[in-house]
Amino acid sequence: MNKFKELLFLTKIKGLGKVNINKKYLEQIQKSEDYSDFISNSTIKSDYPIEKINDAINITEKSYDSIINESEISVITVFDEYYPKKLNDMGNKKPLFLFVKGNMDALSKANMAVIG
């Protein structure tokens, strides 16, 4: 669940899609210490109006807590070792995170389907 809160925050900014997140912000997320550091030191504040950022922060805080407290579901981000390597073939259209229930080792096996 490496950097999930930062990725979740970016997905909650209206008008910002995963292609632009993949292109512009993944490197900034990797360099950040944590969620607060990312918001403070990334270019996001200069790229989007403060109202959109504040709305995204509020939604992220509510969503993150409910997702994390769901004990049967695991979250895998593009930064995690369990993230399926084959998804990188999708380039900037790859999913930023996956919600997984069950055995995460299955993600590295051949011929799997992702449903949802």
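Position 1 is the first residue of the sequence; numbering continues from there. Heavy atoms only: backbone and side chains are in, while hydrogens, waters and symmetry mates are out.
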Q: Would a distance-only check, ignoring hydrogens and angles, find a side-chain to backbone donor-acceptor pair under 3.5 Å from S66 to S63?
A: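 Yes; judged by distance alone, with no hydrogens or angles, the pair exists.
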Q: Measure the spacing between CG of N41 and NZ of K31 and express it to the nearest 0.5 Å.
A: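 NZ of K31 is found 12.0 Å from CG of N41.
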Q: Side chain of Q28, backbone of S42: donor and acceptor closer than 3.5 Å?
A: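 Here the side-chain-to-backbone pair does not exist.
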Q: Test of understanding: with side chain to side chain contact (heavy atoms under 4.5 Å, CB included), list the residues that count as partners of Y82, not counting sequence neighbours.
A: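 Once residues adjacent in sequence are excluded, the partners of Y82 under the side chain to side chain contact (heavy atoms under 4.5 Å, CB included) criterion are I76, M104, D105.
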Q: Tell me, do I67 and V75 make a side-chain contact under 4.5 Å, heavy atoms counted?
A: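 Side-chain contact under 4.5 Å: yes.
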Q: Is it true that a side-chain atom of K3 and a backbone atom of D80 form a donor plus acceptor pair closer than 3.5 Å?
A: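 Looks like no, no N/O pair under 3.5 Å.
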Q: Under the rule for ring pair (Phe, Tyr, Trp, His ring centres under 6.0 Å), what residues qualify as partners of F79, not counting sequence neighbours?
A: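 Applying ring pair (Phe, Tyr, Trp, His ring centres under 6.0 Å) to F79 gives none.
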Q: Measure across D65 and N69 and return the closest heavy-atom pair with its distance rounded to 0.1 Å.
A: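 Smallest interatomic distance, heavy atoms only, reads O-ND2, 2.9 Å.
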Q: Show the atom names and distances, to 0.1 Å, of all donor-acceptor pairs under 3.5 Å that link a side chain in residues 7-24 to residues at least two apart or in another chain.
A:
residue: T11; atom: OG1; partner: L8; partner atom: O; Å: 2.7
residue: K18; atom: NZ; partner: K93; partner atom: O; Å: 3.1
residue: N22; atom: ND2; partner: K18; partner atom: O; Å: 3.0
residue: N22; atom: ND2; partner: N92; partner atom: O; Å: 2.8
residue: N22; atom: ND2; partner: K94; partner atom: O; Å: 3.3
residue: K24; atom: NZ; partner: D47; partner atom: OD1; Å: 3.2
residue: K24; atom: NZ; partner: D47; partner atom: OD2; Å: 2.9

Q: Any side-chain heavy-atom pair from V78 and F97 closer than 4.5 angstrom?
A: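 Sidechains of F97 and V78: no contact.
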Q: Could you state the interatomic distance from NZ (K62) to CD1 (I57), rounded to the nearest 0.5 Å?
A: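 Atom-to-atom, K62:NZ and I57:CD1 are 13.0 Å apart.
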Q: Is there a side-chain contact (heavy atoms from CB on, under 4.5 Å) between T77 and L96 once you walk through the steps?
A: CA-CA 6 Å; T77 72; L96 299 166; over 6 Å; no
Q: The criterion is side chain to side chain contact (heavy atoms under 4.5 Å, CB included); which residues satisfy it with D34, sequence neighbours excluded?
A: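 Side chain to side chain contact (heavy atoms under 4.5 Å, CB included) list for D34, sorted by chain: S36, D37.
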Q: Quick check for you: to the nearest 0.5 Å, what is the distance between F4 atom CZ and E6 atom CD?
A: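 Spacing of CZ (F4) from CD (E6) equals 10.5 Å.
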Q: Can you give me every donor-acceptor pair (side chain of residues 83-91, partner residue at least two apart or in another chain, under 3.5 Å) with its distance?
A:
residue: Y83; atom: OH; partner: P95; partner atom: O; Å: 2.5
residue: K86; atom: NZ; partner: D89; partner atom: OD2; Å: 3.2

Q: Which pairs pass ring-ring contact (aromatic ring centres under 6.0 Å, His included) with one or both residues in residues 36-55, sequence neighbours excluded?
A: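 For residues 36-55, and leaving out neighbouring residues, there are no ring-ring contact (aromatic ring centres under 6.0 Å, His included) pairs at all.
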